[in-house]
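Since the structure comes first, as structure tokens, the remarks are kept for the end.
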Amino acid sequence: MKVFCYEDNKVNEKRYLYESLGININEKSIISFVGGGGKTTSIYTLARELSSIGKRVLVTTTTHMHMPKDYINFKGDINEIINRFKTTNLITVGIKDRDDKISSLGEEIAITLIELCDFLLIEADGSKMLPLKAPASHEPVILKNTTMIVGIAGIDSLSKSIKDICHRPQHVCDILGKNQCDKISEKDIATLLSSENGQKKDIEKCDNAKYRAIINKVDNEELLYSAEKICKYLKEKDVQAVITSYKQNS
């Protein structure tokens, strides 16, 4: 894994994702992840980092997410979570759904979970495993006391057509002013990550929530150059960006 932060007009490699995102490890936080191209991987990378330094971390969803091998199928008993924290610092909790998915506990229960942990990490929308998306009218599902929203985009969408690479392609076209056969550029990725109709949607409903962008799947030097261009566009929109590669030995 490699993580970079764009700061002082250049790309600087960091050791930890939480460091790059500017997370205060001494404050309780609710962090919601939206977009496409690596939400689940980013969530569990951050969860493992935080749990490894002694923080109690809960992972859940306000929509649906892929079911990990070890999770709590929540049936209303908070004590099950409390007891599990006696033996581990990282717990995934949700309601078993169709196939290999877990679904939301409901917003009322989800809000109470922060009382049980130090960090509540939430997958707040879906992307059908595609690297780019724009939210529908019912998305994302962001808790009102969220402290940070992280918008994610996969750089593997570059130079591919909107219709082939985007979830909700018409919504993407509406934001970018393009048609579905047009190809994605660096500026397009930055626009989706910085638009209030894109990954910043509904951030104003949270009290002082911070926003961060992750450009993921930056697995070689050529892609790193493109990611730096995206970061420059994002800086013009006052968005702090992080570059990630979760590829082994990249």
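Count residues from 1 along the sequence.
Remark: the backbone N or O of D182 is paired with a side-chain donor or acceptor of N179 at under 3.5 angstrom. At distances below 3.5 Å, not a single donor-acceptor pair connects side-chain atoms of N89 with backbone N or O atoms of R56. In terms of modelled atom types and a separation under 3.5 Å, the side chain of K178 and the main chain of K183 share a donor-acceptor contact. In this structure, the side chain of S157 does not engage the main chain of A153 through any donor-acceptor pair within 3.5 Å. Between the side chain of K201 and the backbone N or O of A136 there is at least one donor-acceptor pair closer than 3.5 Å. Put simply, the side chain of T147 never gets that close to the backbone of A209: no donor and acceptor are under 3.5 Å apart. No donor-acceptor pair closer than 3.5 Å links the side chain of D8 to the backbone N or O of K10. Looking only at distances, no side-chain donor or acceptor of K28 sits under 3.5 Å from a matching main-chain atom of F119. Remark: the backbone N or O of G38 is not paired with any side-chain donor or acceptor of T41 at under 3.5 angstrom. Put simply, the side chain of E13 never gets that close to the backbone of V3: no donor and acceptor are under 3.5 Å apart.
Separation of atoms CZ (F85) and SG (C117) is listed at 5.5 Å; rounding is to 0.5 Å. Rounded to the nearest 0.5 angstrom, H66 NE2 and K101 NZ are separated by 5.0 Å. Considering OG of S32 and CD1 of I122, their distance stands at 4.0 Å, rounded to 0.5 Å. Distance check: H171 NE2 to E139 CD gives 8.0 Å after rounding to the nearest 0.5 Å. Taking CD1 of I81 as the start and OG1 of T112 as the end, the distance is 7.5 Å to the nearest 0.5 Å. Distance OG/S20 to NZ/K14: 6.5 Å, rounded to 0.5 Å.
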For this session: Starting from the C-alpha separation in whole Å, work towards a yes-or-no answer on side chain to side chain contact (heavy atoms under 4.5 Å, CB included) for I109 and F74.
Result: CA-CA 10 Å; I109 294 295; F74 188 73; 3.9 Å; yes
For this session: Walk me through it: do K232 and N9 pass the test side-chain hydrogen bond (donor to acceptor under 3.5 Å, both in side chains)?
Result: CA-CA 8 Å; K232 290 177 181 178; N9 297 314; over 6 Å; no
Problem set entry | Residues Y6, I243; criterion side chain to side chain contact (heavy atoms under 4.5 Å, CB included); working and verdict | CA-CA 8 Å; Y6 188 76; I243 299 168; 5.5 Å; no
For this session: Please assess L90 against V59 for the test side chain to side chain contact (heavy atoms under 4.5 Å, CB included), listing each intermediate value before the final yes or no.
Result: CA-CA 8 Å; L90 172 54; V59 174; 3.9 Å; yes
For this session: Go through T191 and D188 one step at a time and tell me if the side-chain hydrogen bond (donor to acceptor under 3.5 Å, both in side chains) criterion holds.
Result: CA-CA 5 Å; T191 298; D188 292 334; 5.3 Å; no
Exercise. Which is it for K205 and T146 under the side chain to side chain contact (heavy atoms under 4.5 Å, CB included) test, yes or no, and what are the steps along the way?
Worked result: CA-CA 9 Å; K205 295 181 181 179; T146 292; over 6 Å; no
Exercise. Are K39 and D125 close enough, and set up right, to give a salt bridge (charged side-chain N to carboxylate O under 4.0 Å, His left out), and what steps lead you there?
Worked result: CA-CA 9 Å; K39 287 193 300 293; D125 67 4; 3.6 Å; yes
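A salt bridge is absent between D219 and K2; no separation between the charged side-chain nitrogens and carboxylate oxygens falls under 4.0 Å. Of the charged side-chain nitrogens involved, at least one lies within less than 4.0 Å of a carboxylate oxygen, so that D70 and R84 count as a salt-bridged pair.
Under the 4.5 Å side-chain heavy-atom criterion for grouping Ile, Leu, Val, Met, Phe, Trp and Tyr, L130 is not connected to I214 through any hydrophobic cluster. The cluster map of Ile, Leu, Val, Met, Phe, Trp and Tyr, joined by side-chain heavy atoms under 4.5 Å apart, puts M148 and Y18 in the same cluster. Linking Ile, Leu, Val, Met, Phe, Trp and Tyr whenever their side-chain heavy atoms come within less than 4.5 Å puts L193 and I165 in one cluster. Note on I203 and I175: same hydrophobic cluster, where clusters join Ile, Leu, Val, Met, Phe, Trp and Tyr whose side-chain heavy atoms are under 4.5 Å apart, directly or indirectly. Hydrophobic clustering places L21 together with Y16 (ILVMFWY residues linked when any side-chain heavy atoms are closer than 4.5 Å, directly or through intermediates).
Y211 has its side chain within reach of Q199: a pair of non-hydrogen atoms, C-beta onward, lies under 4.5 Å apart. By the 4.5 Å heavy-atom criterion applied to side chains, L113 and L105 are counted as neighbours. When side chains are defined from C-beta on, E123 does not count as touching F33, because their heavy atoms never get closer than 4.5 Å. Using a 4.5 Å cut-off on side-chain heavy atoms (C-beta onward), T92 and I102 make contact. Between E49 and R15 there is no side-chain heavy-atom pair separated by less than 4.5 Å. Side chains of V172 and L132 form no contact here, defined as non-hydrogen atoms less than 4.5 Å apart. Proximity of S245 to K217: side-chain heavy atoms (C-beta onward) are nowhere separated by under 4.5 Å. Here the side chains of I152 and I215 are not in contact, with every heavy-atom distance at 4.5 Å or above.
I114 and S29 make their closest contact through CD1-O, 3.5 Å (heavy atoms, listed as atom of the first residue, atom of the second, distance). Pairing each heavy atom of G54 with each of D118, the nearest pair is O-OD2, 4.4 Å. Minimum heavy-atom separation, L120 to L143: CD2-CD1, 4.4 Å. Summarising the geometry of G36 relative to K133, their closest heavy-atom pair is N-CG, 4.2 Å, with the distance given to 0.1 Å. The two residues C166 and P169 make their nearest non-hydrogen contact at O-CD, 3.5 Å. Taking both residues in full, the closest heavy atoms of A213 and V239 are given as CB-CG1, 3.9 Å, listed atom of the first, atom of the second, then distance.
Side-chain atoms of S161 and Q180 include no donor-acceptor pair closer than 3.5 Å. Remark: the T244 side chain and the N216 side chain contain an N/O donor-acceptor pair separated by less than 3.5 Å. Looking only at atom types and distance, the side chain of S42 has a donor-acceptor partner in the side chain of Y246 under 3.5 Å away.
Remark: E19 CD is packed, more than 12 non-hydrogen atoms of other residues, nucleotides or ligands lying under 6.0 Å away. The 12-atom threshold is not exceeded at NZ of K187, counting heavy atoms of other residues, nucleotides or ligands nearer than 6.0 Å. In the displayed structure, N79 atom CG is contacted under 6.0 Å by more than 12 heavy atoms of other residues, nucleotides or ligands.
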